[in-house]
Asker: 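I have a structure I would like to understand better, so I am pasting it below and will then ask my questions one at a time.
Below, read A as the first sequence line, B as the second, and so on, with proteins coming before strands; counting in each chain starts at 1. Not measured: the values here are computed from a predicted model.
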Amino acid sequence: MPFTLATWNINSVRLREPIVLKLLQEEAPDVLCLQECKSPVDKIPTEGFAALGYTHMIARGQKGYNGVAILSRIPMEEVGDKDFAGLGHARHIAGRLENGVTIHNFYVPAGGDVPDREVNEKFGQKLDYLTDMRDWFHADKPQKSILVGDLNIAPREDDVWSHKQLLKVVSHTPIEVETLAETQDAGGWVDVTRQDIPDGQLYSWWSYRARDWDAADKGRRLDHVWATPDISNAGHSSRVLRDARGWEKPSDHAPVFASFDL
DNA sequence: ATGGTGGGCCACCCA
């Protein structure tokens, strides 16, 4: 059963319901994983999604912050969630499609401004979140699984507009890149996006604070699609829908797509 | 070096 999935940090699912519907209508992924819904689950606007065929949804939410959801037009059962690092935040949800593939949807903490856990508690929480993920995947090796989400780290030099200028900027510091690599290795995860697009600059996020995000193009690849080795070879046709960053009332993230022939 | 723009929600926190 071949299928296409997308992952998108939506920065308020209620405010951006119109562009979620636009994405579903125009691109029609089978599965859409959202992060930063910023909504209690019972206030997510599901009717329009269901009318387009996305009748399955699993989600975790809280008022005002965080929140993750998976919309699907393929039958999907809820697997559960885990409160990594004990933060009490809605940052993870997992589901299983009827083809047996498990999907983990993550919103990793952004980590604040200063890359030093001694002076910035949020940076420590980000690293702790990732090491908790690492330990969990190490203890229980995932199989037939896909991990997507806003991991808030751009690991490669060509995942950022300037490697040198971002070395001390949270999202691209060596300690974050190393910690993310440990998490990836612990699960045996393959970076499907870079398997498909091995060379060149690739971004999924552009700050709201630029005069002209498109012309300046100071982006970072914060949003990821990983798969376990038993299904990673089935992954193909990865892409970033950069156009969505220019839609009306946009998220600062663009959706990342991948397809799987399984 | 600084401040720039967004969202949630009503005083700020967060990205």
Side-chain angles (χ1 to χ4, degrees), chain A residues 7-23 33-45 59-69 83-92 105-117 119-130 148-155 159-162 164-173 176 179-180 203-224 240-256:
Chain A
T7 178
W8 197 9
N9 178 317
I10 196 60
N11 189 15
S12 172
V13 70
R14 282 183 277 176
L15 188 75
R16 293 192 222 291
E17 181 189 5
I19 61 170
V20 174
L21 292 169
K22 179 178 169 73
L23 183 89
C33 298
L34 298 171
Q35 304 87 34
E36 271 207 279
C37 297
K38 293 186 172 176
S39 174
V41 173
D42 62 4
K43 291 190 173 168
I44 295 174
R60 291 292 182 272
Q62 60 186 95
K63 200 166 106 180
Y65 304 100
N66 309 314
V68 286
D83 179 20
F84 293 91
L87 301 177
H89 298 171
R91 295 182 178 275
H92 171 246
N105 182 20
F106 277 97
Y107 175 49
V108 171
D113 287 332
V114 182
D116 179 352
R117 69 189 308 156
V119 297
N120 171 21
E121 180 186 37
K122 290 205 278 266
F123 192 72
Q125 289 174 347
K126 180 180 197 173
L127 298 178
D128 291 347
Y129 194 94
L130 289 161
V148 305
D150 177 4
L151 305 185
N152 265 313
I153 295 173
D159 290 337
V160 293
W161 66 275
S162 169
K164 274 190 179 177
Q165 287 180 254
L166 290 174
L167 271 171
K168 293 180 178 173
V169 174
V170 172
S171 74
H172 193 61
T173 63
E176 289 170 274
T179 306
L180 184 68
Y203 314 137
S204 64
W205 174 88
W206 295 261
S207 173
Y208 284 125
R209 296 175 189 175
R211 293 179 199 175
D212 185 339
W213 70 272
D214 194 25
D217 200 22
K218 293 184 173 180
R220 308 177 200 170
R221 188 172 71 102
L222 304 179
D223 303 277
H224 298 267
V240 176
L241 187 66
R242 183 182 172 116
D243 281 359
R245 180 62 179 80
W247 288 353
E248 179 115 358
K249 295 277 284 174
S251 168
D252 45 355
H253 295 252
V256 179

Asker: Roughly how many Å is it from CD in Glu36(A) to P in dC9(B), rounded to a whole number?
Answerer: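 Taking CD of Glu36(A) and P of dC9(B), I get 13 Å after rounding.
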Asker: Output the rounded distance in Å from CG (Leu87(A)) to P (dC14(B)).
Answerer: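 One finds 12 Å between P of dC14(B) and CG of Leu87(A), rounded.
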Asker: Do Arg245(A) and Trp213(A) meet the cation-pi criteria used here (NZ or CZ under 6.0 Å from the six-membered ring centre, within 45° of the axis)?
Answerer: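 Yes, Arg245(A) sits over the ring of Trp213(A).
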Asker: Could you tell me how far dC9(B) sits from dC14(B) if I compare only their C1' atoms? Round to whole Å.
Answerer: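 Pairwise C1' distance, dC14(B) against dC9(B), rounds to 12 Å.
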Asker: Across the strands shown, which category fits Lys249(A) at heavy-atom distances under 4.0 angstrom: base, sugar-phosphate, nothing?
Answerer: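 The residue Lys249(A) makes sugar-phosphate contact but no base contact.
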Asker: Can you measure Lys38(A) atom NZ to dA15(B) atom C1' for me and round it to whole angstrom units?
Answerer: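 Roughly 6 Å, once rounded to whole Å.
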Asker: When you measure from the side chain of Asn120(A) to the backbone of Gly111(A), do you find a donor-acceptor pair of N or O atoms at a distance under 3.5 Å?
Answerer: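 Judged by distance alone, yes, a pair lies under 3.5 Å.
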Asker: In whole angstrom, give me the gap between the P atoms of dA15(B) and dA1(B).
Answerer: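 These two P atoms come out 24 Å apart once rounded.
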Asker: Between Asn152(A) and Val13(A), who's closer to the 5' end of DNA chain B by nearest nucleotide?
Answerer: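 Mapping each residue to its closest nucleotide by heavy atoms, the 5'-most match is Val13(A).
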Asker: Would you mind telling me which residue lines up with the more 5' stretch of DNA chain B, Pro109(A) or Arg16(A), judged by nearest nucleotide?
Answerer: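 Mapping each residue to its closest nucleotide by heavy atoms, the 5'-most match is Arg16(A).
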Asker: Given dC9(B), dG7(B), dA15(B), identify the nucleotide with an atom nearest to the side chain of Arg14(A).
Answerer: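 Nearest to the side-chain atoms of Arg14(A), counting from C-beta on, is dC9(B).
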Asker: dC14(B) P sits how many Å from Leu15(A) CG, rounded?
Answerer: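 Those two atoms, CG and P, are 20 Å apart.
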Asker: Provide, to the nearest angstrom, the distance between the CG atom belonging to Asn66(A) and the P atom belonging to dC9(B).
Answerer: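 Atom CG in Asn66(A) sits about 12 Å away from atom P in dC9(B).
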Asker: Tell me the interatomic distance from His253(A), atom NE2, to dG7(B), atom C1', rounded to whole angstroms.
Answerer: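 Interatomic distance, NE2 of His253(A) to C1' of dG7(B): 12 Å.
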Asker: Could you tell me how far dG7(B) sits from dA11(B) if I compare only their C1' atoms? Round to whole Å.
Answerer: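 So the two C1' atoms sit 15 Å from each other.
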Asker: Could you let me know what dG3(B) is paired to, Watson-Crick or G-U wobble, both distances under 3.5 Å, or none if it's on its own?
Answerer: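 Result: none.
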Asker: Ile10(A) has an atom CD1; how far is it from atom P of dC14(B), in whole Å?
Answerer: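 Going from CD1 in Ile10(A) over to P in dC14(B) covers 22 Å.
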Asker: Expressed in angstrom and rounded to an integer, what is the separation of Lys63(A) atom NZ from dA11(B) atom P?
Answerer: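 Going from Lys63(A) (NZ) to dA11(B) (P), I get 12 Å.
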Asker: Check whether Arg91(A) reaches the backbone of Tyr107(A) with its side chain - one donor and one acceptor, N or O, closer than 3.5 Å.
Answerer: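 At least one qualifying donor-acceptor pair exists.
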Asker: Look at Asp113(A) together with Lys122(A) and state whether they make a salt bridge at an N to O cut-off of under 4.0 Å.
Answerer: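 Salt bridge absent between Asp113(A) and Lys122(A).
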Asker: Can you confirm whether the side chains of Ser171(A) and Arg220(A) place a donor and an acceptor under 3.5 Å from each other?
Answerer: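 Their side chains do contain a donor-acceptor pair, which is all the 3.5 Å distance test asks for.
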